[in-house]
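Remarks on the structure that follows.
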Amino acid sequence: GFPKIENRCMTAIKELRPPPPPAEKLLLGRRYKIPEWIREAYLTLALRDPGLETADARALGANAACIIARAREKILLYRLHVLTLKDPASRRSQCVWPSEECREALCEVRLVLLEKKTEVPEDEGEQARLVLKHVSGLGHTLCDNCKPDAEIARTIRTLDGEISAANGVFADEIGRKDSEWLEKA
């Protein structure tokens with residue numbers, strides 16, 4: 001009866017191609033009670049540049065907009081901390097954080113890897129090969145300054161720190177990742 005139809009509908013919604021934009025994904029995740037979509041959408045909205053657009057904030061509501069703003073604040077504080085490290089290696093000539101296009105491409109790849117629960121290797125060479133494969137698979141390219149293994153690893157480490165900062169806010173506001181949760185009403 002109805003459970004089979006509901007399961008088919010949920011499968012169809014989860015396999016939408018292309019996937020819906022992050023704000024729409026959050027709204028659909030709420031409506032159809034897909035917790036992983038809610039968390040993924042919050043994370044994407046917190047990490048992406050530019051930030052939350054006014055129309056999206058209106059559609060998501062004040063509570064969600066505040067949670068995303070808090071996560072973005074934690075991410076920016078993390079970035080400031082990374083930029084002010086006394087480590088000379090962090091200050092050498094490189095793309096500016098990297099370039100906006102490179103950071104956007106690497107951020108998208110990192111979010112895809114998280115979504116697919118793909119383990120990122122510790123070895124910089126293996127990590128670079130995995131990331132570059134996904135970068136080209138998504139139709140992106142990296143500038144010459146961002147292609148070396150060490151630069152990819154540095155940016156992935158930075159993104160992981162930003163993701164951790166954002167997840168701290170989400171854990172406080174909407175529950176831990178390993179718990180079954182949906183947003184508070």
- Only one of Thr44, Leu43, Asp49 forms a side-chain contact (heavy atoms from CB on, under 4.5 Å) with Leu47, so which one is it? Leu43
- Hey, any chance Leu77 and Ile68 share a hydrophobic cluster, counting ILVMFWY side chains that come within less than 4.5 Å of each other, even indirectly? no
- Query: Going hydrophobic residue to hydrophobic residue with side-chain gaps under 4.5 angstrom, can you get from Phe170 over to Leu27?
  - Reply: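 Phe170 and Leu27: one cluster.
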Indicate yes or no: at least one non-hydrogen side-chain atom of [X] is less than 4.5 angstrom from one of [Y].
X      : Y      : answer
Trp37  : Pro20  : yes
His134 : Val112 : yes
Leu111 : Glu115 : no
Ile152 : Leu142 : yes

What residues, two or more places apart in sequence or in another chain, satisfy side chain to side chain donor-acceptor pair (under 3.5 Å) together with [X]?
X      : result
Arg48  : Asp56
Asp149 : none
Glu36  : Lys14
Glu108 : His140

- What one should report as the nearest heavy-atom pair of Ile75 and Ala46 is CD1-O, 3.6 Å
- Message: Please find the pair of heavy atoms, one from Cys146 and one from Glu151, that lie closest to each other, and give the distance.
- Response: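 Where Cys146 meets Glu151 most closely, the heavy atoms are O-CB, 3.9 Å.
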- Task: Under the salt bridge (charged side-chain N to carboxylate O under 4.0 Å, His left out) rule, collect the residues that match up with Lys133, sequence neighbours excluded.
- Result: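 Listed in chain order: nothing, the list is empty.
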- Under the salt bridge (charged side-chain N to carboxylate O under 4.0 Å, His left out) test, which residues partner Lys74, sequence neighbours left out?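 Listed in chain order: nothing, the list is empty.
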Straight-line distance of [X] [atom1] to [Y] [atom2], nearest 0.5 Å:
X      : Y      : atom1 : atom2 : answer
Leu26  : Leu60  : CG    : CG    : 5.0 Å
Leu130 : Ile156 : CG    : CD1   : 8.5 Å
Asn167 : Arg39  : CG    : CZ    : 6.0 Å
Ser164 : Leu159 : OG    : CG    : 12.5 Å
Leu52  : Ile67  : CG    : CD1   : 11.5 Å
Ile34  : Lys25  : CD1   : NZ    : 9.0 Å

Sub-3.5 Å donor-acceptor pair from the side chain of [X] to the main-chain atoms of [Y], do we have one?
X      : Y      : result
Gln127 : Pro121 : yes
Thr118 : Leu114 : no
Arg110 : Arg157 : no
Thr158 : Arg154 : yes

- Query: Would Leu106 and Val135 satisfy side-chain contact (heavy atoms from CB on, under 4.5 Å), going step by step from the backbone distance to the final call?
  - Reply: CA-CA 7 Å; Leu106 291 169; Val135 165; 4.2 Å; yes
